[in-house]
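Contents: one structure, followed by commentary.
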Amino acid sequence: MRNFIKSTLLAATLSVSSMAHAQEDITITLIPGLTTDAFYITMNRGAQAAAKALGITVDFQGAEEFDPVLQTPVLDAVIGRGPDAILIAPTDTTQMIEPLRRAHDAGIAVITVDTFIDDGKYQDGLGDADFPYSYVASDNVGGGRMAAQFMAAEIGGKGKVYVSNVRPGISTTDQREEGFKAEMAENFPGVEVLDTQYNENDASLAASQFQAVYARHSDIAGVFGANLFSALGAGNGVESANKADEITVIAFDAPTSIVNNISSGLVDAAIAQHPAEIGYFGVMAAYAVLTGNSVPTTIGTGFTVINAENVDDENIAKYIYSE
Amino acid sequence: MTNTDMSKTKGASFVKSLLNAWSWLFLVIILGFFEIYAQTQTGNTFLFRIYNIQSISVAASQILLLALGLTLVIVAGHIDLSIAFTTGFAAVAMALVIRFVGPEAGWFTVIIAMGVGLLAAITVGLVNGWLVAQLNVPSFIGTLGTYGIARGAALIVAGGATVSIRSDEARVLGNGHILGIPIPVVAAVVLAVICHYVLTHTRFGVHTYALGASRASVERAGVDVKRHLVYLFVISAITAGVGGLIYTSRFSAGAANAGEPILLYAVAAVFIGGASLTGGQGTIIGTVIGAFIIAVIQFGLVFCGLPPYWQFVAVGLVIIVAVLVDQSKGRLVGGST
């Protein structure tokens, strides 16, 4: 405990001495999980809005795939350029710890957005990676629960469903699945959750997996697509079985391609995160740290359910991720 | 090349197809296994359901579209890794044209968009051909380079994201049926028949096999090898490009990574089908069987409810068996190929 207090005091002193900056020369780099996803592009728009409001510079640099092997060299290059703070969506909970420690050791303030490292609880004196100042993200477990509630309501509280997912080891999609399954287990005993199908982001494989599950369980009632390609593939599989009216497809995330499928009836609802908020509050948190202010160690952003009834509403349209 | 050469090659390919019977056999065995499983565990048939056959065929055709042109390239002793993103480039190009015209885009727009997608693909094929034929870059390296370039180009034109479209015509194209057969399957069958014909019934096919066996002899016979190589890479790009057009139509979205997860399955299908890394061997029929073996395994294991990672193990095992059979061929018949 004494050590903890000491290190906290030390950190506090350090942050006052080294991190107080004149506002106009503050630079922050946002490193997304991948640069080729409307989610992160929308996040960057929120970050740029905050940068404009504060009169500081935010760069957007990343790898084109969600992969720690590709993200690390980008991070190293960014550290080499030496921004004041890095906002990063780490692509692996453990593999990105050491690369990010290098940033911290170089005096760069680290804040994680969307995904986290270690246990996601920072500045508490526990765990391998305690140095990031804050974790800004939607509560993906909560989002998964929201999807489960919506699913259960659509299928009348009973029937077989399964999760179409990317691959294990990604903190966000794992949490969505966890939340979905937990909610079903706790509150909807009539719903049977079948084995998860992993598609490696291949919509074609996700479609074929749906068809195989349907061939085995012709009474399947719904699919929860944990990300874009999972939902697109599952929706296509449902269409090929001519069951769009009977089988409920719920998508996590709301890029335009999912929203188009809501309009056409293939996807019944999308759980939209608010990536622009993540970017905006991420930059604000970094700015607070750099100017010697305290920040909460976790900042949670919201969700909106988009379905056929509200998809054309302009208050909802702002939550659609767009390029 | 004379008629005697032609008939000799035909005779050799007959022996080869006999030797390739193991892949037929393997397909029959796994289908039999899943049929027995389905009969005993679910009381239903696995194989004799139109829905299952259609689903497996569509999955196989997406793999096959990348594998068809690749077969020709591999027969000639080369490889084309760029098809992963040739597919994505074509998918994105098609989606962009449809999106540019807007929601009232009709059949005319869709056809133009498909033309643009194919042109994008052909461009990659021409660059590959130029690198390998004119600059003598090894195809593995050259197409690894264009793999990156096509990926970058697709992402740049797409603005980094998936290009979604709203077009009923495209949707029909990707999800409709002709005489009860899904259109992606029809496209794959048509291209497979053309590639099979080219490889077995034309001088071009004879030269392709000969090129894989010995480039020097083909050059001595007065064939323009450079031009031949360019044609091969363009054919490979076209079939992969059609794969991209089908992808965009099926999912109403052009994704730059459309073909990336499929590349390894396509390569696997060609080798399971009896092709050899050293060239001179391989048939379209073999590749079709290879693609079906992979699609049946993927579908069947989900159907059985096996944990998902067994899919990777199963496909990996089949590839290893394929290579072992390929190696033992030479010993068994004393290098008749």
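Note: hydrogens, waters and symmetry copies are ignored here, and every other heavy atom, side chains too, is used. Proteins get letters first, then strands, A, B, ... in listed order; numbering begins at 1 in each.
Interface remark: B:Tyr51 contributes side-chain atoms only to the contact with chain A (heavy atom separation under 4.5 Å). Contacts of B:Phe46 with chain A are absent, with no heavy-atom separation under 4.5 Å from either backbone or side chain. Looking at A:Leu194, neither its backbone nor its side chain comes within 4.5 Å of chain B, counting heavy atoms on both sides. Contact annotation for A:Asp37: only backbone heavy atoms (N, CA, C, O) come within less than 4.5 Å of a heavy atom of chain B. Proximity to chain A (any heavy atom under 4.5 Å) is restricted, for B:Tyr37, to the side chain, taken from C-beta onward. Interface remark: B:Glu260 contributes side-chain atoms only to the contact with chain A (heavy atom separation under 4.5 Å). The contact between A:Glu239 and chain B is made entirely by side chain atoms (from C-beta outward), counting heavy-atom distances below 4.5 Å. Heavy atoms closer than 4.5 Å to chain A are found nowhere in B:Ala256, neither backbone nor side chain. Only the side chain of B:Asn257 comes within less than 4.5 Å of a heavy atom of chain A; its backbone N, CA, C and O stay farther away. With a 4.5 angstrom heavy-atom cutoff, B:Leu301 does not touch chain A via any of its atoms. Interface residue A:Phe229: only side-chain heavy atoms are found under 4.5 Å from chain B.
How far CG of A:Leu228 is from OG1 of B:Thr162: 5.0 Å, rounded to the nearest 0.5 Å. Here CD of A:Glu200 is found 12.5 Å from CD1 of B:Ile262. Values are rounded to the nearest 0.5 Å. Atom-to-atom distance recorded for A:Asn261:CG and B:Arg166:CZ is 9.5 Å, nearest 0.5 angstrom. Atom CZ in B:Phe303 sits 8.5 Å away from atom NE2 in A:His217 (nearest 0.5 Å). Here B:Cys304 contributes atom SG and A:Asp195 contributes atom CG; the two are 12.0 Å apart, rounded to the nearest 0.5 Å. A distance of 11.5 Å separates CZ in A:Arg216 from CZ in B:Phe299, rounded to the nearest 0.5 Å.
Considering only heavy-atom pairs separated by less than 4.5 Å from chain B, the leading option among A:Asn260, A:Asn201, A:Val259, A:Leu232 is A:Asn260. If you tally non-hydrogen atom pairs under 4.5 Å between each of A:Ser257, A:Ser208, A:Ala215, A:Gly237 and chain B, the highest count goes to A:Ala215. When the candidates A:Leu34, A:Asn199, A:Thr35, A:Leu205 are compared by the number of heavy-atom contacts under 4.5 Å with chain B, A:Leu205 comes out ahead.
Looking at heavy atoms from C-beta onward, B:Arg171 lies in side-chain contact with A:Leu266 at the 4.5 angstrom threshold.
A donor-acceptor pair is defined here as one N or O able to donate and one able to accept, closer than 3.5 Å; no such pair exists between the side chain of B:Asn52 and the backbone of A:Ala212.
B:Arg250 and A:Ser240 are not linked by any side-chain donor-acceptor pair at a separation below 3.5 angstrom, with hydrogens and angles left out of the test.
Atom CD of A:Glu309 has 12 or fewer neighbouring heavy atoms from other residues, nucleotides or ligands inside a 6.0 Å radius.
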